[in-house]
Amino acid sequence: MSNIKPEDFFKNIISHSKEYGFIFQNSEIYDGLSAVYDYGQMGVELKKNIRDYWWKSMVQMHENIVGIDSAIFMHPTTWKASGHVDAFNDPLIDNKESKKRYRADVLIEEYISKIEDKIKKEIEKAAARFENFDRTLFCSTNGRVKEYQEKIDAINESFKSALNNNDLEEIKKIIINLEIVCPISGSRNWTDVRQFNLMFSTSMGSVSDEANTIYLRPETAQGIFVNYLNVQKTGRMKIPFGIVQTGKAFRNEIVARQFIFRMREFEQMEMQFFIKPGTEIEWYEYWKKIRLSWHLSLGLGNEKYRFHDHLKLAHYANAACDIEFEFPFGFKELEGIHSRTDFDLKQHEQFSNKKLQYFDSELNQSYVPFVIETSVGLDRLFLSVLSSAFKIEKLEEDETRTVLSLPAALAPYKAAIFPLLKKDGLPELSESIMNALKLDFNLAYDEKDTIGKRYRRQDAIGTPFCITVDHQSIEDKTVTIRDRDTMKQTRIKIDEIKTFLNQNVGIQNLLKNL
RNA sequence: GCGAAAGUAGCUCAAUUGGUAGAGCUCCAGCCUUCCAAGCUGGAGGUUGCGGGUUCGAGACCCGUCUUUCGCUCCA
């Protein structure tokens with residue numbers, strides 16, 4: 001493994017993911033859709049197991065945390081309240097020399113205000129010269145001022161109509177015609193104007209011209225905020241309490257890259273934890289600790305995680321950090337932990353005109369709770385698990401072995417069952433063992449090819465144990481069980497397989513160490 | 001978004017200055033076989049990412065386009 005270059009190592013992971021049914025490029029037969037990927041038959045199991053582990057560690061292990069599953073569609077006002085609509089609906093243009101990005105409308109408005117400054121100077125000069133200065137008369141008669149004003153009016157007219165018609169080409173033409181330069185590079189080498197929409201939109205209603213624009217949610221959090229009072233009341237929740245949910249979110253990223261690390265459609269696993277105002281720093285520190293230890297429990301290597309504190313805070317936060325993971329392409333954000341204050345609930349109070357307050361019987365008063373958010377990307381978590389589990393081992397001589405050392409509780413198959421030979425009653429015994437165990441475990445069965453190939457196939461998809469049925473099995477009701485990581489075999493009684501697997505692949509092993 | 005590289009069978013790759021698209025592995029059907037990618041026989045799998053151009057002739061040369069990877073940029 002040491003002689004593989006890092007970029008080749010990542011490429012190996014990507015092709016391994018495809019070859020063994022973990023990740024496929026979306027719409028591959030049509031050349032793919034950029035930055036969208038599908039999970040295959042192995043990937044879906046691994047992803048589901050990661051999600052289950054997260055869910056159980058949050059909901060099952062905490063009495064004061066419950067889950068919901070809110071819709072991807074939400075009332076459009078939701079996104080006005082959250083600030084997503086206003087912050088990301090601007091025409092953008094890039095300067096090719098300086099690589100700087102500007103709001104096209106701001107560039108034009110700045111240009112107009114420069115002309116207005118010139119008018120102001122003309123007026124000031126004239127006012128200093130004449131005693132009975134008539135400003136209105138001066139503006140309507142002075143040639144230079146009139147010229148400036150006409151230019152402003154002309155720009156405004158075409159600019160407004162371009163904005164109203166959403167005519168991005170026209171906006172670019174205005175910038176070119178006015179010879180607006182980049183303040184940094186001084187260059188007029190501009191890209192086309194693009195509308196940057198973070199959110200994907202669609203329309204609801206069968207008749208298109210009376211349809212409402214509906215957004216695909218860019219974060220799952222808002223589904224929790226708008227339901228927070230429903231859950232609090234119907235679940236008789238007492239502060240502090242948390243609501244979690246997992247689900248798809250959609251962001252129209254300009255640059256989406258690095259395999260499944262940054263996709264346009266991705267899955268979030270979020271918790272919003274509702275607390276008494278003034279206790280947010282305490283809870284923020286608490287959840288930082290809890291979430292880091294959750295990641296460490298996967299056993300991918302403690303040195304692969306670190307905190308990264310946000311210096312620049314979002315408009316809603318008063319403290320924020322990321323848990324970063326060392327991916328094959330470097331340390332990158334895996335989970336975000338934010339102290340979101342009462343921003344979101346207050347915004348929803350204002351926009352909905354509904355009281356979203358909690359009555360605290362200890363204080364005998366109502367307040368809008370503060371919120372601590374933990375938000376982890378399931379796809380990123382998947383990639384962290386997959387990329388640190390993937391190993392190309394050197395065995396004797398030139399032999400190599402490709403193995404996924406997945407945490408056993410997360411592996412798609414918990415065990416594989418092989419008859420050593422496809423005769424002498426071995427397949428029949430294998431199947432009866434399989435039928436008894438499949439009530440509890442997801443299992444693979446394979447009787448094709450030599451036993452060595454079958455072991456290697458299971459190594460490649462991360463199956464922790466291989467159970468082989470041989471002639472001795474028929475005589476004394478024992479089987480060999482082979483460990484994926486050590487390749488060592490031990491012989492155990494058929495009756496003991498279930499207990500053995502429970503002890504070694506059960507999710508309880510992860511949960512009890514939290 | 002800018003720059004660079006790449007795209008040939010499910011996977012990894014070959015194909016002489018432009019001259020009949022191939023190999024290994026995988027897969028499928030058998031044979032053989034008592035524990036780590038064994039052997040034998042047969043078989044399937046391709047409009048060389050897509051579209052155009054140059055040429056008697058293009059996997060190769062030119063243009064466009066799509067996708068991926070890397071660097072920069074961006075990222076509430």
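Throughout, a chain's letter reflects where its sequence line sits, starting with A, and its residues are numbered from 1. The shown structure was predicted, so the numbers you read here are calculated from the model rather than taken from an experiment. When reading the values below, keep in mind they use all heavy atoms of this one structure, side chains included, and skip hydrogens, waters and symmetry mates.
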J.: Say whether, by atom type as modelled, one donor and one acceptor occur between the side chain of A:Glu267 and the main chain of A:Lys248 under 3.5 angstrom.
T.: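 Absent.
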J.: Side-chain N or O of A:Lys11 less than 4.0 angstrom from OP1 or OP2 on B:rU68?
T.: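 False: A:Lys11 side-chain N/O out of range (4.0 Å or more) of B:rU68 OP1/OP2.
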J.: What is the distance, rounded to the nearest whole Å, between atom CZ of A:Arg401 and atom P of B:rC35?
T.: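 Distance, rounded to whole Å: 19 Å.
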J.: Has the side chain of A:Ser15 got a donor or acceptor that lies under 3.5 Å from a partner of the other kind on the base of B:rC11?
T.: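 No.
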J.: My understanding is that a pair needs two contacts under 3.5 Å, Watson-Crick or G-U wobble. By that rule, which nucleotide pairs with B:rU65?
T.: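 Paired with B:rU65, as far as the under-3.5 Å criterion goes, is B:rG49.
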J.: Restricting both atoms to N or O, compile the protein contacts to nucleotides 38-42 of chain B shorter than 3.5 Å, with distance only.
T.:
residue	atom	partner	partner atom	Å
B:rA38	OP1	A:Lys453	NZ	3.4
B:rA38	OP2	A:Thr450	OG1	2.7

J.: Aromatic contact between A:Tyr215 and A:Phe200, with the criterion being ring centroids under 6.0 Å apart: yes or no?
T.: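 Not under 6.0 Å, so no.
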J.: Tell me what A:Glu333 touches on the nucleic acid: a base, only sugar-phosphate, or nothing, going by heavy atoms under 4.0 Å.
T.: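 Here A:Glu333 touches no strand at all.
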J.: OP1 or OP2 of B:rU69 versus the side-chain N and O atoms of A:Gln258: is any pair under 4.0 Å?
T.: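 Checking A:Gln258 against B:rU69: no side-chain N or O falls below 4.0 Å of OP1 or OP2.
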J.: Please classify the nucleic acid contact of A:Tyr37 as base, sugar-phosphate, or nothing, using heavy-atom distances under 4.0 Å.
T.: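 Sugar-phosphate, backbone atoms only, no base.
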J.: Could a donor-acceptor pair under 3.5 angstrom be found where the side chain of A:Arg482 meets the base of B:rC35?
T.: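 A donor-acceptor contact between them is absent.
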J.: Quick one: label A:Ala221 by what it contacts on the DNA or RNA (base, sugar-phosphate, nothing), any heavy atom closer than 4.0 Å.
T.: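 It contacts nothing in the nucleic acid.
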J.: Among residues two or more places apart or on two chains, list those pairs meeting ring-ring contact (aromatic ring centres under 6.0 Å, His included) that have a residue in residues 472-492 of chain A.
T.: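 Output for this query is empty, none listed.
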J.: When the P atoms of B:rA23 and B:rG46 are compared, how many Å lie between them, rounded to an integer?
T.: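 Per the computed distance, 15 Å lies between those P atoms.
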J.: Can you find a side chain N or O atom of A:Arg457 that sits less than 4.0 Å from OP1 or OP2 on B:rC27?
T.: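 For B:rC27, OP1/OP2 do have a side-chain N/O of A:Arg457 under 4.0 Å.
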